Amino acid sequence: MAGLRPWEELPIGGAVEPDPALRPRTGGWRTGLRPQVDLDGCVNCLLCWVYCPDSAIRVVDGAFAGFDLDLCKGCEICAAVCPAETIAMVADDG
Amino acid sequence: MAGLRPWEELPIGGAVEPDPALRPRTGGWRTGLRPQVDLDGCVNCLLCWVYCPDSAIRVVDGAFAGFDLDLCKGCEICAAVCPAETIAMVADDG
Amino acid sequence: MSRLKTLVANERGTPPLAGGHALCQGCGIPVVVRTVLDSIATPKVVVGATGCLEVATTRFPGTAWNVPWMHVAFENAAAVASGIEAAYRALARRGALPQDDPITFVVFAGDGGTYDIGLQALSGALERGHRFLFVCYDNQAYMNTGIQRSGATPLGASTTTTPAGLESLGKMQRRKDMTAIAAAHRIPFVGQAAASHWYDLSRKVEQAVAAGGPAFLNVLSDCPLGWGHEPKLFKSVLDLAVETRLWPLYEVVDGSYRITYLPKRRVPVTEWLALQARFTHLQRPDAEKIVAEIQRRVDEDWDRLLRRASSDAAATEVS
Amino acid sequence: MSRLKTLVANERGTPPLAGGHALCQGCGIPVVVRTVLDSIATPKVVVGATGCLEVATTRFPGTAWNVPWMHVAFENAAAVASGIEAAYRALARRGALPQDDPITFVVFAGDGGTYDIGLQALSGALERGHRFLFVCYDNQAYMNTGIQRSGATPLGASTTTTPAGLESLGKMQRRKDMTAIAAAHRIPFVGQAAASHWYDLSRKVEQAVAAGGPAFLNVLSDCPLGWGHEPKLFKSVLDLAVETRLWPLYEVVDGSYRITYLPKRRVPVTEWLALQARFTHLQRPDAEKIVAEIQRRVDEDWDRLLRRASSDAAATEVS
Amino acid sequence: MASVRTARLLTGSEAVANAMRQIDPDVVPIYPITPQTPIIERFTRFVADGETSTEIVNVESEHSAMSAAVGSALAGARTMTATSSQGLALMVEVIYIAAGMRAPIVMAVGNRALSAPINIHGDHSDGYLARDSGAIQLFAENAQEAYDLMVMAPRIAEHPDVLLPVLVGQDGFTITHSAEPVELLPDEAVRAFVGEYRIPAPLLDLSAPRSQGMFAMPDYYFELRHQIAAAMERAREVIEEVAAEYEELSGRRLSALEEYRLEDAERALVCMGSTAGTVKDVVDELRAEGERVGLLEVRSFRPLPIERIRAACSGCSEVAVLDRADTPGGVGALHAECAAILCGSRARVRGHVYGLGGRDLSPAEIRAVFAGAAPRYVGLRSAS
Amino acid sequence: MASVRTARLLTGSEAVANAMRQIDPDVVPIYPITPQTPIIERFTRFVADGETSTEIVNVESEHSAMSAAVGSALAGARTMTATSSQGLALMVEVIYIAAGMRAPIVMAVGNRALSAPINIHGDHSDGYLARDSGAIQLFAENAQEAYDLMVMAPRIAEHPDVLLPVLVGQDGFTITHSAEPVELLPDEAVRAFVGEYRIPAPLLDLSAPRSQGMFAMPDYYFELRHQIAAAMERAREVIEEVAAEYEELSGRRLSALEEYRLEDAERALVCMGSTAGTVKDVVDELRAEGERVGLLEVRSFRPLPIERIRAACSGCSEVAVLDRADTPGGVGALHAECAAILCGSRARVRGHVYGLGGRDLSPAEIRAVFAGAAPRYVGLRSAS
Amino acid sequence: MKEIRWHARAGQGAKTASQLYAAALLQAGKSVQAFPEYGPERRGAPMRAYTRFDERPIRRHDAVAMPDAVVVLEPSLLRDVDVEDGLREGGLVLVNAEGSANGYLAVPAERLAAGLGSRFVNLVMVGALAAALGEPSLEELQSAAAALLGAKVDPHALAAALAAGWEHVWRG
Amino acid sequence: MKEIRWHARAGQGAKTASQLYAAALLQAGKSVQAFPEYGPERRGAPMRAYTRFDERPIRRHDAVAMPDAVVVLEPSLLRDVDVEDGLREGGLVLVNAEGSANGYLAVPAERLAAGLGSRFVNLVMVGALAAALGEPSLEELQSAAAALLGAKVDPHALAAALAAGWEHVWRG
Ligand SMILES: Cc1ncc(C[n+]2csc(CCOP(=O)(O)OP(=O)(O)O)c2C)c(N)n1
Ligand SMILES: Cc1ncc(C[n+]2csc(CCOP(=O)(O)OP(=O)(O)O)c2C)c(N)n1
Ligand code: SF4
Ligand code: SF4
Ligand code: SF4
Ligand code: SF4
Ligand code: SF4
Ligand code: SF4
Ligand SMILES: [Mg+2]
Ligand SMILES: [Mg+2]
């Protein structure tokens, strides 16, 4: 338990402020497949964004802008719900 | 606390079998009035029996048979519900 | 045998609940208990929640109960009954019951032990389908501890935890509709009854016991002390609750609503309020709105009930 | 702005619930949470019951929440929210709030924390009229502890406490109808929704927040682990629950029922069952009766719902 | 003890309800249970009459009372409640949580026996049930002390080094329902004494959104939970600081421990609550008879004033500890802890259990305890 | 410890579920909570497969689990259940009641820390919470003992002189989830060992209707509640009787207290549960190094084998007591009670708190405890 | 120290009587204590209350075992209850009754109250007790009653009831 | 005593591996212990399990701090987790990987399992570990697997997976 803080340094009652650095990098949880988009086919319906359980769909200026693979757990939901069928699951080699 | 039993003599878990002798004689709770019936007027509807909270209406062979003044608390409900108006509340002189 | 004769017969000898208990003069609870238990022909086992009934009938070493009776705590009567009923089934299956008679399990709990602190145990038991009859004697407040508001306390009532005062007009929330909540559990039988209407109550008990699953009865029961009226007004005050449509008598059988008593004319709720000291403050000028609101809700609820009952009746006819 | 744009806008910057939480791959819960919170424009304060959502988002010292969030225990989320809301009102009255923004209070609890162990606290809070939105993410079992049956588990489902086995066909009781139970509380807004139907859900959230009193939303949320299906079937399996009428989408506004989505055709429940490993044993010949019973109850409940909705609609038109 | 001249006749419940009125907390979740009910009844009447502006939350169970209190206190509102017996037992899960989340809730307790059998009278079983919870527990000797401790409680609970729930106990009926002379401080004095409610991380502070009530694995649980023990240590000093300040205001000193005629005592009796008053009379009598006896009245059961107990008994050869709660199959709590504290001193420590479920303790029985002639269970009717 | 040859690899949970299968109780109300859940999961699978004929009651909360258990056990059916942590806390009100009503319920406990913060790992806080309840509490050292104690438990609970709930504790995860060699007795042997369920006043006996769970005033409460303490005294002997009989059957002796190499020990350590195994290894090491050390493993926390503890430590000059639960502001339970027991002996009694929320206790730390070099809170990360 | 025991039926105001008597003594500079003894029984059931007073501060909280005086608000209780239980040698028993009652000091409180058109039988008995024990003064009683109950009831009615009992005994 | 640490993602069967290895050793007459280490994280998150074995009865229940061998079922963990943490001098690290992996002993368990048409990567690694440590025998492993998992899965498939791992290492 090296690196863990002693009791004197912990916040009162364990109340914490959010610190993104302390969140697990859940991209590592993927088990072989990752989503890939063919942007040409994207109609910007953002249904992938709505239904992604891991907030791994990036939206910039209201438009679909790719995947956050640090977060994406590879569930394939985006691929399944994309009405344009423009998301495919591909081998996760990285 | 004279007359009370020692712990060794109490039933397991305090489970008791009913013993009428240990019930309070609630007739003593009356505060001035007791019910009196004019049997002539009684139509044997037994509504007094149904609505007496203290089980103080005697029924013998399916017929109204007077009050159990050891139990009657003098609430006047019987008098109020008697459709024949044949129960009156009278001074409770002993 | 007439229903009344049956009741008398069932109580003969050792009545399930004996006189010589310590409930208040004129309390409505024993009327409910006697009518319910006398309407059941089989042997009965009774479970009680903490409350006036329990406290005033079982001071050690005496008891007013001549039937097997168990109390564990305030909030868990339905769970205790679940355990007893499960034991009964387990022992029956193994042929290990002390005797063969079929037993009817009856739970008595006040509105506090039903609407509030006992709701969860009840709801769970209803979902699991234990076969018992749960009877709520609803006197609209925690009476045993001295008249505190409960989920059953009606809008505007003064209680010791919602006292009318310089800046208060009593309880400011409507009562929970516990009968509707029980009905939403879709158990075989749910009924709403009143201590004043013995025949209706007795008939519902009979149906409930026959229903073959969990049954719930919500019985309005007066508390002269907490409502603030003379004991002798027992029947008047309950009758008025029914006649004003404030406490409709109805049943929900397998999910279908049926009104079992149709009041003749619209009696304004003010007549009911006027009988009880807990509503005295509603005669203050600043309380007019509350009274109107009470009436409005009574009307609205009654209309909804009529609607449910008539559409359910229509469906039954069709099918 | 379209509803979707609004959601996107509300999540921009620091999303209320951030990615990088530890819920399973493909879990439906975060979809519910995001849609609900993104549909609310005001600042939000969130209360959570123990369950997958809580455990997987708040391992000390990290948290996935960017909004004020509190968890106390499994069974008391509604009571905790009552206290927070009461504090808010008390401080507002005294002008002592840290800031002026109006706050929306949202509670998230699983079906276990809503239908079962959390029911009583919820019921009490609804009766008292606290102003918060209680969202049940209903995945039909205790998932956090490893898929045990809850009051929400449907008839026939195999769970680790109602396992299908040589002498068992899974859970033998129907599920509690929690939406109807909440509706029986006569609060301003009750809704039934599904994680798969984001628009319907989002619209209901908006209505619920605007309702000006306690609001309850029962949202079907899938659990690929507990239901036994591939994560990618998220939408298919939920869609089928809706289309089979097993999980109707409807709302109860001020006591009146309204169906918000009418499935096009009658899809048999077997289609829904077939997708999920928890129902595999229902393909055994001895399970035919159970399947028929499931279908019968779905039909019966749907008919009743239609009836309620149409008679309520008629009444609204009249008045 | 109040000076009789300026005192009013109040029950312990009324005294505490008045303290609450004067403190004017923001939120008070309530649920009735004998014998604390008169507290919340009296207090809601104050609210109904506009004498305080508190938000009352009429919850549906004690579990919810404490849960609502945690939510409210950590949201940023001064929060109080009250309970007894089964109510405390039902909410005890949440008392532990309140301590762990450092919620400075003040709760009046009308101490009462636990079921079964059900009994509504006084003993300390309910307080004992929460003795590991991390809540501070103070026991009043009489109605005046119940009032005084209730006024001190928010200052202790909310002290930045403490931030723990404080339970102010008074014996059921014996204090809750006994009318005694009670001197109230002026309303303004109480308001000034308790001051504003401040906690380090109010949930409603939107500028710093925080997650509260976290999940902790073995890597952090011990450290997080240890905050409570550390806060308790500090509370020992804080209680004395607050007591000193309160003495300046009221003339009454409510220390965690009261040593009564213990200076040169050979034999000491240790107890809590209303019994202490009766014992004082007996001590006076025995002293008059030439016996070197004294009383150690524990007012703060949690934190227990360990060092002071050791010091106070340093001269004693016999110490009899009275527990008003039983520990079947084990050693009574106060007895065992005093034994641990005095282990190694020259004192022989004895334990007695008494007064369960409202059983009276008579001066004659107290004399027997001092004389070493009392059985372990004092006042129990036994065939032998 | 199982003989490895005939043993199966089972977790503590599986071992206990198997004991339940063999006992085949009539009614088992269940509610899931980590880490006991595997017990009820495994057991319901036995039921689903027809390996027992138990009536499972899938309750909606632990409060109801214990309530249903009281109803069932007193109705006349052998009844078991299981819980942990918050579940035990939520039902603790009813555990007291079960004891007072003399309901011989057997409950498996996967001991776990209490919130807040929420933590699912092992410590003894939950058991400690119920230490005054009147329930017997046994703590297993490993999976084998969990099984053995579970088989013994009905005999203890249902003994006519006892009639109390029995909690069979095993450390969360460390035992519940650790697979170890476990020897099961033959099914018939277990059935014969536990025998038929008999209680003096079954509710379902219509021939003698009784009222149970009465209201008691101060005139009778003390006496009624005292039945528990008296039954606990008797339980001390009953446990040894049952242990002796069980030894004949199994070859394993599970006494209320195990003295490990204590004969001539100068320094003793006292602890409960899975830690005892690790301590035994350390004792062996230290003995090998020539140190006169030993272990006192408490298997029966309630009733605590008071006389035997006194006797076992009579020769020791130092006794270190390890509490796997904290008592903030007070003295640890086992520490305090051992101190009370040993008060007057020549032993210096020290207390340590360790292992909260699953914090590991290493052999090195145990050595430090023996050496008197460990801090009060062993294993706590501290800045100082 | 002096100790009084009050016997009545629940609902007859024994608790109020015990407190009022104490309040008046408190005004008179005494140290006091007053407490009721409840059971699960309801309105109508026998119950007791107690008053203690002393020159020195009262600290004890044990039960009143040997009262110096007993006041019986409800004569029918004489049937069921041993009102003399524990009474000190030479202790006083005051009973609400006409004429004489088992040789106890009878005060026709029912009648006296009725004569005033009031229900305050309990106050009549408090007045009677004060007269019998010689403390506190009628004025102290009346002013304490006004303070304790005056918000709900006309102080004159209170004063009259107290006076009626006081005078009945005083005049002998 | 020997101690093994297993690294995997939740759902990949590390707990089963740790128990199976222990069960086989138990059959072989050893004293054993196997336990997982859980967190709140779900399927996909890193987790650990442990196996202990010894000639003498194992009584200790402390954590495994210094394992003699580490088995990594999921190669991607090497990125985030220090698999060598606490490893004893000369301790063995077995990784499910092709070719070599950071100098650890690589077992292409994914490929070997796939080659058998099975998903039992964990069993392949168990076989490999047994071969590497020289105990228990493959037969003991296979019979333990049949006893532990045979009710749900075809024992031949289990045996094949174990053999594949065992042989891969054995053949070197
Ligand atoms: C956990 C718990 N909380 C509170 C109480 C105190 N208590 C006992 S009975 C009661 C009120 C009962 O009210 P209700 O159920 O309506 O029955 P009634 O008194 O009206 O008969 C209360 C608050 C208790 N016994 N247990
Ligand atoms: C009093 C209490 N009992 C049991 C538990 C254990 N427990 C924690 S979460 C949970 C299941 C939650 O189920 P649900 O509410 O449906 O949420 P989900 O896990 O499905 O997200 C259980 C049983 C607990 N934390 N507290
Ligand atoms: S769902 Fe498909 S079409 Fe819609 S935004 Fe996502 S990628 Fe584009
Ligand atoms: S695969 Fe799943 S987690 Fe990844 S982006 Fe698509 S929906 Fe999100
Ligand atoms: S109610 Fe009247 S008429 Fe009817 S039985 Fe009674 S006395 Fe007779
Ligand atoms: S007066 Fe009341 S108690 Fe007496 S008989 Fe009539 S109804 Fe019964
Ligand atoms: S208080 Fe009310 S409910 Fe209770 S016994 Fe008296 S009248 Fe009946
Ligand atoms: S177990 Fe089910 S509900 Fe829980 S996180 Fe996993 S998928 Fe979601
Ligand atoms: Mg009630
Ligand atoms: Mg769930």
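Just so it is clear: chains get the letters A, B, ... in the order the sequence lines come, proteins before strands, and each one is counted from 1. Treat the numbers as computed from the prediction; the structure is a model and nothing was measured. Only this structure's heavy atoms are used, side chains among them; waters, hydrogens and symmetry mates stay out.
Taking the side chain as every heavy atom from C-beta outward, C/P231 and B/K73 never approach each other to under 4.5 Å. Between B/W29 and C/Q25 the shortest side-chain heavy-atom distance does not fall below 4.5 Å. Between B/P11 and C/F60, some side-chain heavy-atom pair lies under the 4.5 Å cut-off.
With hydrogens and angles disregarded, no donor-acceptor distance shorter than 3.5 Å links the side chain of C/R12 to the backbone of B/D61. With hydrogens and angles disregarded, a donor-acceptor distance shorter than 3.5 Å links the side chain of C/H21 to the backbone of B/P53. Under a 3.5 Å cut-off, the side chain of B/R23 and the backbone N or O of C/T63 do form a donor-acceptor pair.
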Side chain to side chain contact (heavy atoms under 4.5 Å, CB included), that's the test. Do B/W49 and C/E11 meet it? Break it down for me. CA-CA 11 Å; B/W49 177 84; C/E11 193 172 283; 3.6 Å; yes

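For C/A9, no part sits under 4.5 Å from any heavy atom of chain B, backbone or side chain. Using a 4.5 Å cut-off between heavy atoms, C/L233 does not touch chain B at all. Residue contact with chain B, scored on non-hydrogen atoms closer than 4.5 Å, is absent for C/P15. Contact annotation for B/V59: only side-chain heavy atoms (C-beta onward) come within less than 4.5 Å of a heavy atom of chain C. For B/C45, the part sitting under 4.5 Å from any heavy atom of chain C is the backbone (N, CA, C, O) and nothing else.
Taking CZ of C/F234 as the start and SG of B/C52 as the end, the distance is 10.5 Å to the nearest 0.5 Å. Between the NZ atom of C/K232 and the CE atom of B/M89 there is a distance of 9.0 Å, given to the nearest 0.5 Å. Note: B/I77 CD1 to C/D222 CG = 6.5 Å, rounded to the nearest 0.5 Å.
The greatest number of non-hydrogen atom pairs below 4.5 Å with chain B, out of C/T35, C/L23, C/T57, is found for C/L23. Between chain C and the residues B/D70, B/L10, B/V16, the most heavy-atom pairs under 4.5 angstrom are made by B/V16. Ranked by heavy-atom pairs under 4.5 Å with chain C, the first of B/C78, B/C75, B/A79, B/A15 is B/C75. Per-residue heavy-atom pair counts under 4.5 Å with chain B were compared for C/G26, C/P224, C/G20, and the maximum is reached by C/G20. In terms of heavy-atom pairs under 4.5 angstrom with chain B, the leader among C/A18, C/P61, C/G62 is C/P61.
Within residues 65-78 of chain C, the residues having any heavy atom under 4.5 Å from a heavy atom of chain B are, by residue number, C/W65, C/N66.
Across all non-hydrogen atoms, the minimal contact from B/S55 to C/R34 is OG-CD, 3.5 Å. Here the closest non-hydrogen pair linking C/V31 and B/V50 is CG1-O, 3.7 Å. The shortest non-hydrogen separation linking C/K5 to B/G62 is CE-O, 4.1 Å.
Counting non-hydrogen atoms of neighbouring residues, nucleotides and ligands closer than 6.0 angstrom, the CG atom of C/D101 exceeds 12 such neighbours. Heavy-atom contacts from other residues, nucleotides or ligands closer than 6.0 Å to CD of B/E85 number 12 or fewer.
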